[in-house]
Amino acid sequence: MTQPIIVSDPSEHLILVDSTDLEIGHMSKADCHRGSGTRHRAFSIHLIDSHGRLLLQKRGADKQLWPLFWSNSCCSHPRLGESMAEATRRRLQEELGIQCPVEYLYKFEYQAHYLDLGAEWELCWVYLGLLEHPPHMNPTEIAELGYFSPDEIDALVSHDPAEVTPWFSQEWEYLKTHYAERFLQS
């Protein structure tokens with residue numbers, strides 16, 4: 001049996017950005033998430049299977065922020081000197097063990113606090129892709145994977161908002177409003 005690979009490190013430096021996504025410096029991941037957070041670049045990937053279902057992940061139990069919350073298929077931060085294309089390819093392989101082309105859709109900024117443990121303040125690039133092969137979750141990052149229809153996601157977000165990450169709720173509203181005909185038909 002292969003040992004799970006640890007792919008996140010609190011000392012890893014994230015890219016700090018201004019509100020226009022201009023790079024202004026870098027800071028450790030741990031420091032970026034303290035207090036009210038420091039704005040940094042991030043990305044979220046949404047993968048849809050051949051049945052029109054969205055692959056969601058339940059974040060790992062050891063995550064500092066929003067552990068065991070349902071969220072998008074894959075998310076992370078680009079590393080210093082890494083393009084977004086490189087970052088999304090790397091993270092899909094690290095978290096889900098797959099290679100999958102993704103399409104950039106839009107970006108948005110959000111800030112959210114998690115209890116008294118810290119916050120996210122991200123300028124997040126959002127991507128969408130079609131899942132062509134079954135994923136193989138990295139258990140150091142993900143507690144569970146599930147396929148959800150648009151109606152099931154609506155129910156999860158509206159009836160159990162405390163079970164989904166705040167960025168996923170915002171991204172889902174945008175996706176189903178702007179991309180429903182193109183991508184989210186079931």
Side-chain angles (χ1 to χ4, degrees), residues 4-48 54-57 59-60 62-67 69-114 118-132 135-142 145 165-172 174-175 178-179 183:
I5 298 170
I6 297 173
V7 296
S8 296
D9 184 331
S11 67
E12 179 180 335
H13 276 237
L14 305 184
I15 301 167
L16 305 181
V17 294
D18 67 13
S19 62
T20 67
D21 201 25
L22 179 67
E23 188 173 333
I24 58 172
H26 55 88
M27 181 183 287
S28 75
K29 182 177 179 180
D31 289 341
C32 281
H33 295 118
R34 292 190 205 290
S36 293
T38 302
R39 187 190 300 119
H40 55 279
R41 189 174 289 149
F43 60 87
S44 288
I45 301 171
H46 300 268
L47 299 175
I48 297 170
L54 190 60
L55 175 68
L56 300 184
Q57 68 163 269
R59 291 166 56 82
D62 293 332
K63 293 283 193 182
Q64 177 188 353
L65 304 176
W66 291 278
F69 280 64
W70 286 102
S71 198
N72 49 286
S73 309
C74 177
C75 60
S76 191
H77 313 92
R79 294 182 174 152
L80 289 176
E82 186 177 50
S83 72
M84 224 21 127
E86 293 167 327
T88 56
R89 277 193 303 271
R90 171 184 52 79
R91 196 59 178 195
L92 283 169
Q93 186 64 47
E94 291 174 344
E95 281 193 21
L96 299 171
I98 60 170
Q99 296 178 0
C100 177
V102 295
E103 177 186 356
Y104 167 79
L105 300 179
Y106 73 101
K107 58 179 129 172
F108 77 109
E109 183 176 329
Y110 76 94
Q111 188 174 21
H113 291 80
Y114 180 69
E120 285 285 12
W121 186 3
E122 294 184 334
L123 203 149
C124 189
W125 298 41
V126 180
Y127 293 84
L128 191 62
L130 296 176
L131 191 58
E132 298 172 351
H136 304 282
M137 71 178 204
N138 180 337
T140 66
E141 292 291 313
I142 302 170
L145 290 173
T165 60
W167 61 90
F168 175 70
S169 294
Q170 292 179 54
E171 292 168 11
W172 175 245
Y174 192 93
L175 286 172
H178 293 88
Y179 295 96
F183 297 105

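What you see below is based on every heavy atom in this structure, not just the backbone, and it leaves out hydrogens, waters and symmetry mates.
- Within the model, atoms CG of Leu16 and CG of Leu123 stand 12.0 Å from one another, a figure rounded to the nearest 0.5 Å.
- Atom-to-atom distance recorded for Tyr106:OH and Leu128:CG is 10.5 Å, nearest 0.5 angstrom.
- Residues Leu65 and Thr165 fail the side-chain proximity criterion, which asks for heavy atoms closer than 4.5 Å.
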Take Leu92 and Leu47 through the test side-chain contact (heavy atoms from CB on, under 4.5 Å) and record every step on the way to the result.
CA-CA 10 Å; Leu92 283 169; Leu47 299 175; 3.9 Å; yes
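- Counting only residues at least two apart or in different chains, side chain to side chain donor-acceptor pair (under 3.5 Å) contacts with residues 123-132 comprise Asp21-Trp125.
- Using a 4.5 Å cut-off on side-chain heavy atoms (C-beta onward), Trp167 and Cys124 make no contact.
- Residues that satisfy the side chain to side chain donor-acceptor pair (under 3.5 Å) test with Gln111, not counting sequence neighbours, are absent from this structure.
- Results of the side chain to side chain contact (heavy atoms under 4.5 Å, CB included) test with Leu14 over His26, Arg79, His33 single out His33 as the only residue that passes.
- Remark: Trp121 pairs with no residue by the ring-ring contact (aromatic ring centres under 6.0 Å, His included) rule, at least two apart or across chains.
- At least one side-chain heavy atom of Leu96 sits less than 4.5 Å from a side-chain heavy atom of Leu55.
- Evaluation of the side chain to side chain donor-acceptor pair (under 3.5 Å) rule for Ser73 yields no partner, not counting sequence neighbours.
- Look at Arg91 and Glu94 and you find a salt bridge, because one of the NZ, NE, NH1 or NH2 atoms lies within 4.0 Å of a carboxylate O, short of that distance.
- Taking the salt bridge (Lys or Arg N to Asp or Glu O under 4.0 Å) definition, one finds that Arg59 meets it with nothing, sequence neighbours left out.
- Side chain of His40 to main chain of Thr38: a donor-acceptor pair is present (N/O by atom type, distance under 3.5 Å, no hydrogens or angles).
- Applying the side chain to side chain donor-acceptor pair (under 3.5 Å) test to Ser19 and every residue at least two apart in sequence or in another chain returns nothing.
- Annotation for Phe108 and Gln170: closest pair CE1-OE1, 3.4 Å, computed over non-hydrogen atoms.
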Could you walk me through whether His46 and Glu171 satisfy the side-chain hydrogen bond (donor to acceptor under 3.5 Å, both in side chains) test, starting with their C-alpha distance in whole Å, then the side-chain angles of each, then the deciding distance to 0.1 Å, before giving a yes or no?
CA-CA 9 Å; His46 300 268; Glu171 292 168 11; 2.7 Å; yes
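- Considering only heavy atoms from C-beta on, Arg41 comes within 4.5 Å of Met84 through its side chain.
- Within 6.0 Å of atom CG in Asp62, 12 or fewer heavy atoms from other residues, nucleotides or ligands are found, so the atom counts as exposed in its surroundings.
- Summarising the geometry, atom CD belonging to Glu103 is positioned 12.0 Å from atom OG1 belonging to Thr88; distances are rounded to the nearest 0.5 Å.
- From Ile48, atom CD1 reaches atom CG of Leu131 across 10.0 Å, with rounding to the nearest 0.5 Å.
- Under the salt bridge (Lys or Arg N to Asp or Glu O under 4.0 Å) criterion, the residue pairs touching residues 28-38 are Asp31-Arg34, with sequence neighbours excluded.
- Every residue two or more places apart in sequence or in another chain that forms a salt bridge (Lys or Arg N to Asp or Glu O under 4.0 Å) with Glu82 is listed here: Arg90.
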Cys74 and Ile142: side-chain contact (heavy atoms from CB on, under 4.5 Å), yes or no, with the steps?
CA-CA 9 Å; Cys74 177; Ile142 302 170; over 6 Å; no
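- Between Tyr179 and Tyr174, the two ring planes are tilted [angle within 30° to 60°].
- For the pair Arg89/Gln99, no side-chain contact is recorded, criterion being any heavy-atom separation below 4.5 Å from C-beta on.
- In this view, His136 satisfies the side chain to side chain donor-acceptor pair (under 3.5 Å) rule with no residue, not counting sequence neighbours.
- Under the side chain to side chain contact (heavy atoms under 4.5 Å, CB included) criterion, Pro166 pairs with Trp66, Ala112, not counting sequence neighbours.
- Between Met27 atom CE and Ile15 atom CD1 the span is 13.5 Å, to the nearest 0.5 Å.
- Distance CG/Asn138 to CD/Gln57: 10.0 Å, rounded to 0.5 Å.
- Pro67 pairs by the side chain to side chain contact (heavy atoms under 4.5 Å, CB included) definition with Lys63, Tyr114, not counting sequence neighbours.
- Contacts classified as salt bridge (Lys or Arg N to Asp or Glu O under 4.0 Å) and involving residues 118-131 (residues at least two apart or in different chains) are not found.
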